[in-house]
Amino acid sequence: MANFNLEAEAIHIFREVAAEAENPVFLYSVGKDSAVMLHLARKAFYPGKPPFKFLHVDTKWKFKEMIAFRDKMMADLGFELLVHTNPDGIKRGINPFDHGSAMHTDIMKTVALKQALDHHQFDIAFGGARRDEEKSRAKERIFSFRTAEHRWDPKNQRPEIWSLYNTRKKPDETIRVFPLSNWTELDIWQYILSENIPIPDLYLAKKRPVVERDGTLIMVDDERMPIKDKSEIKHEMVRFRTLGCYPLTGAVRSNATTLPEIVQEMLLSTTSERQGRVIDSDAGASMEQKKQEGYF
Amino acid sequence: MSEKDLISSDINAYIANQAAKDTLRFITCGSVDDGKSTLIGRLLYESKMIFDDQLSALQKDSSKFGTQGDEIDFALLVDGLAAEREQGITIDVAYRFFTTDKRKFIVADTPGHQQYTRNMATGASTASLAIVMIDARKGILEQTRRHAFISSLLGIKQIVLAVNKLDLVDYSEEVFNQISADFYVIQKEHLKFDHVQAIPLSALKGDNIIKLSKNTPWYQGPTLIDWLESVENAKMGKGLLRLPIQYVLRPNLDYRGYAGRIVSGVVAPDNRVKILPSGVETVIEEITSMDGVLDNAEEGASVAVTLKDEVDASRGDMIVEAGAPAELSDQFRVNIIWMHEQEMIPGRSYILKIEGGTANVTIAKPRYKINVNNYERLPADVLELNDIGSCNISLDRNIVFDPYEENRTTGSFILIDRESNSTVGAGLIRYALRRASNIHWQALEINKTARSEAKSQTPCVLWFTGLSGSGKSTIANIVEKKLHANLRHTMLLDGDNVRHGLNRDLGFTDQDRVENIRRVTEVSKLMVEAGLITLVSFISPFASERDSARQAMGEGEFIEIFVKTSLAEAERRDVKGLYVKARSGQLKNFTGIDSPYEEPRTPEIIVDTEKYSAKECAEQIISYLVDNGYS
């Protein structure tokens, strides 16, 4: 029953936004946290459907399996999914190999998200971030305010007392809402197990074609991956602890082919979850800087 | 076998254990440098919530930012934001998570810095327990008293007195006993904790955190972890059913579900319940859920219920136990914690948000504020950031509530500024003032419609706002003459004139300006009731008060007219010679000079007196009235 309060809290948050927002949107990123969030949104409005749209910001560099999983989930549930890709980024041919992870993420993810929010005039966006993920997120509010320019100002956030959420804002401001704020990684896995929530197979270990780049194992998901020599590619038992753009998501060697085995590996492992993300390995305050600029 | 061993031997059993654990939410508070962050870092470290990559980053950071020489500085693990690292202090509420064999924990790390007390109240609002940090060398400080008071005020019943840095006083039993004794005196006189648990600690060295320390052989009580694992988890309210309706589910014509989070008590099919404020009694039909219909649900659950009878219930209403309903009122005695740099202004209209709804509220002049360092009551005209005061508040509608002492959820509210939308205050309901039910509205047989029809006109308020010298009164005067010539029944309320009579007791401070406009709003409302076209010519510099005047009138009855003139132009005209006086300092709080003027954002009419003459401006207003059916 430990998840009971976390589940109830998240459902309460979904309903509060549905009651007070004009045009909310669910940012669906296809990962395990999104999967849990989707399940909770369904519960919150059962027997009806969630009264908001779903949006995926597609960088065009996501794992193929993620896209297939995404489309199947939305079709099975009968939900309408909006997919947005930064057209300017496509025109300029932005990619993680030539432009680096920082620029690729900024243009294809951060800028793209802002474009989509502005275009559809969404006022409140649900995201799957958790406070236990990273130090600067520990101070994040559940209802996090963004200026008209989508910036996050850590010194100018509203006090969040009891579970009374102030959703009032000026017309051009937006709010990011994080229903999973108080969940830990272990809570997520345990809930996926007990509620039988579907997640992409990429989380489970399987023989996959990988190459090593700067000490990180990268899966060769398509022919765009620059390969000098075919012999570089090794077929190894690997899985992913987080999902994103395949060239930026490090695989871990693993034999965990079931969810309990993943949890076991996670608990016995000696590195934190985000380590596989190439984006975090800058200076200490880098995530905070990215958040100020509008990274989710 | 320790639970950790299960991870490798029987992972399914381990996961099942996790699922069975409850969660204790607690806060840590104390003065700067008492060692809060070090304690939390230590708890995370001891419960193995720190991974190798974090530890190596920590070692790197410790030599760069740390205050512990080459030793690991656990505080760096929890001080997340870049700005804090530079200042070396925690500036906001941070939430941390750790798990022991027996329980899960959510820690709100709250700052000790005086200017950030609002954050501490925020952290305390959802906590069952508070750890108050005390530096053994310094004993009980003002900050300790402040934090203990806020914890107690916010309804926390369990407090741990963490007497820290005992290593720096040679693990002295006398020091520990003296601090404990000092605190018990305060508890007895001023605080409402059910239990005070004092524990001698060194967060830095790890004494009495997990294991009883050899350094304190004289202490036989629980270690910090023992205590956190065994203390009783607080209920948010007494066991009576309180289910505020948060959202109405209507997926199709056959289903109407009332969704909300059970604040207290239990709900089950066939229970007799009452819907407030209507007071209609009915019976719970079913508890709907995606996992099938539920037999019952209890405090903390987010549910959807259907009712046997068709009742008219919506968001903001509450489903309560039929035999023990919550109270209903629109006037209250409350405690307010002010959370914003902009001070609380008595008489100004704020938005009050409770679970499931909002109301408009005005706050009377504080009865007193509390000096949280010595618990003295002090007279106060306003509440400033971090002030805690006792006030009477008045709402524009009845709300369903319980006193905060009985229910932390149905007894609490936040205050929102109309103009900035900021959360400016937090409130705790003490009790209802019965005045609302004593002064009944006299039902009048001749009403506004009848009075208006007799005059063959649509009553409204023409609210002229603008800087002193912008030409408000001149234009209003011409407009009234034209309406009068057209046989309209009118009345003009002029700022200067009203200050000679009704408002002769008011000056020009922000509070007095707010009260000035509040009274004029009430008077113009009566004028509109009388069926008159009412012209109000007041500087009315604050958007909040103009907005609240608009709220007070009926739909379409409030026409805001912005008489636009630049400050330079108004100052050049200086018809009454007031700008000269204000500039020379003879006149204080003068709008535009040392008191702000907030321009209307979406007025019905803007007249630009730098482009048009007063007569032309008046004609623009008349044509608006004709075009919109007022004249």
Side-chain angles (χ1 to χ4, degrees), chain A residues 1-12 15-16 18-19 42-49 131-132 134-139 154-155 157-164 166 168-170 181-182 184 186-187 189-190 193-194 260-261 263-264 267-272 275 284-285 288-289, chain B residues 7-8 11-12 15 18-23 51-54 57 61 78 80-83 92-97 99 104 106 118-119 121-122 125-126 246-247 249-251 255 257 259-261 288-290 300-302 304 315 339 351 353-355 408-409 412-414 416 421-423 426:
Chain A
M1 291 299 281
N3 277 324
F4 166 82
N5 264 305
L6 293 173
E7 179 190 80
E9 179 183 64
I11 290 174
H12 177 252
R15 288 169 174 169
E16 193 65 15
R42 289 172 59 212
K43 282 198 167 187
F45 302 100
Y46 182 86
K49 279 186 188 178
R131 284 170 173 159
D132 84 325
E134 204 268 339
K135 262 196 280 189
S136 81
R137 286 212 163 133
K139 321 216 158 186
K155 286 203 173 150
Q157 294 289 311
R158 297 169 179 176
E160 211 161 73
I161 187 162
W162 296 293
S163 37
L164 292 172
N166 172 4
R168 291 179 63 95
K169 54 171 201 60
K170 304 227 163 81
S181 286
N182 288 325
T184 63
L186 183 57
D187 293 325
W189 285 117
Q190 185 192 299
L193 264 168
S194 65
E261 284 168 8
V263 176
Q264 189 172 33
L267 291 168
L268 296 175
S269 80
T270 53
T271 53
S272 64
Q275 212 201 24
E288 193 189 331
Q289 271 158 22
Chain B
I7 296 173
S8 31
I11 185 64
N12 288 313
I15 293 169
Q18 299 311 304
K21 287 176 188 171
D22 72 338
T23 302
F51 292 102
D52 278 4
D53 58 331
Q54 288 175 321
D61 283 358
V78 290
L81 300 189
D92 209 327
V93 194
Y95 295 89
R96 310 283 165 194
F97 308 83
T99 306
K104 296 188 191 187
I106 300 179
R118 66 174 162 208
N119 296 327
T122 303
S125 69
T126 50
Q246 194 189 3
Y247 192 82
L249 295 163
R250 289 229 67 186
Y255 183 89
R261 193 168 186 192
T288 317
S289 96
M290 204 162 87
S302 281
R315 177 170 161 86
M339 301 183 137
I351 294 160
K353 182 163 185 187
I354 48 169
E355 177 61 41
R408 286 167 82 178
T409 306
S412 55
F413 59 86
I414 56 171
I416 301 168
N421 295 323
S422 302
T423 302

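Computed over heavy atoms, backbone and side chain alike; hydrogens, waters and symmetry mates excluded. Order of the sequence lines sets the chain letters (A, B, ...), proteins ahead of strands, with each chain counted from 1.
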Quick one: side-chain contact (heavy atoms from CB on, under 4.5 Å) partners of B:A301, sequence neighbours excluded?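 B:A301 satisfies side-chain contact (heavy atoms from CB on, under 4.5 Å) with A:F4, B:I262, B:A297, B:V303 once adjacent residues are dropped.
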For B:S8, give me all partners under side-chain contact (heavy atoms from CB on, under 4.5 Å), at least two apart in sequence or on another chain.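 Counting only residues at least two positions away or on another chain, B:S8 forms a side-chain contact (heavy atoms from CB on, under 4.5 Å) with A:L268.
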So, is the end of the A:R131 side chain (NZ or CZ) under 6.0 Å from the ring centre of B:Y95 and within 45° of the ring's axis?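 Because its charged atom sits under 6.0 Å from the ring centre and within 45° of the axis, A:R131 does stack over B:Y95.
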Flag the one option from B:S302, B:P251, B:G260 with the top tally of heavy-atom pairs under 4.5 Å to chain A. B:S302
Among B:T288, B:I414, B:T423, single out the residue with the greatest number of heavy-atom pairs under 4.5 Å to chain A.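 Most pairs with chain A among the choices: B:T423.
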So which heavy atom on A:H12 is nearest to which on A:S163, and how close?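 What the structure gives for the nearest pair is CE1-O, 3.6 Å.
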Could you pull out the closest heavy-atom pair between A:A18 and B:Y247, with the gap in Å?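 In this case the closest contact between A:A18 and B:Y247 is CB-CE1, 3.5 Å.
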Measure from the side-chain N and O atoms of B:Q246 to the backbone N and O of B:A259, and report whether any donor-acceptor pair falls under 3.5 Å.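 Not a single qualifying donor-acceptor pair exists.
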Determine whether the side chains of B:T122 and B:N119 contain a donor N or O and an acceptor N or O closer than 3.5 Å.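 Result is no, nothing qualifies.
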Proximal component of [X], with respect to chain A [non-hydrogen, under 4.5 Å]:
X	result
B:S289	backbone
B:S422	backbone
B:I106	side chain
B:I351	side chain
B:L249	side chain

Contact part of [X] toward chain B, heavy-atom cut-off under 4.5 Å: side chain, backbone, both or neither?
X	answer
A:R158	side chain
A:K49	neither
A:A44	backbone

Side chains of A:N182 and B:T23: does their closest heavy-atom pair fall under 4.5 Å?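 With C-beta onward as the side chain, the pair stays apart.
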For chain B, which of A:V263, A:I161, A:I11 has the most heavy-atom pairs under 4.5 Å? A:I161
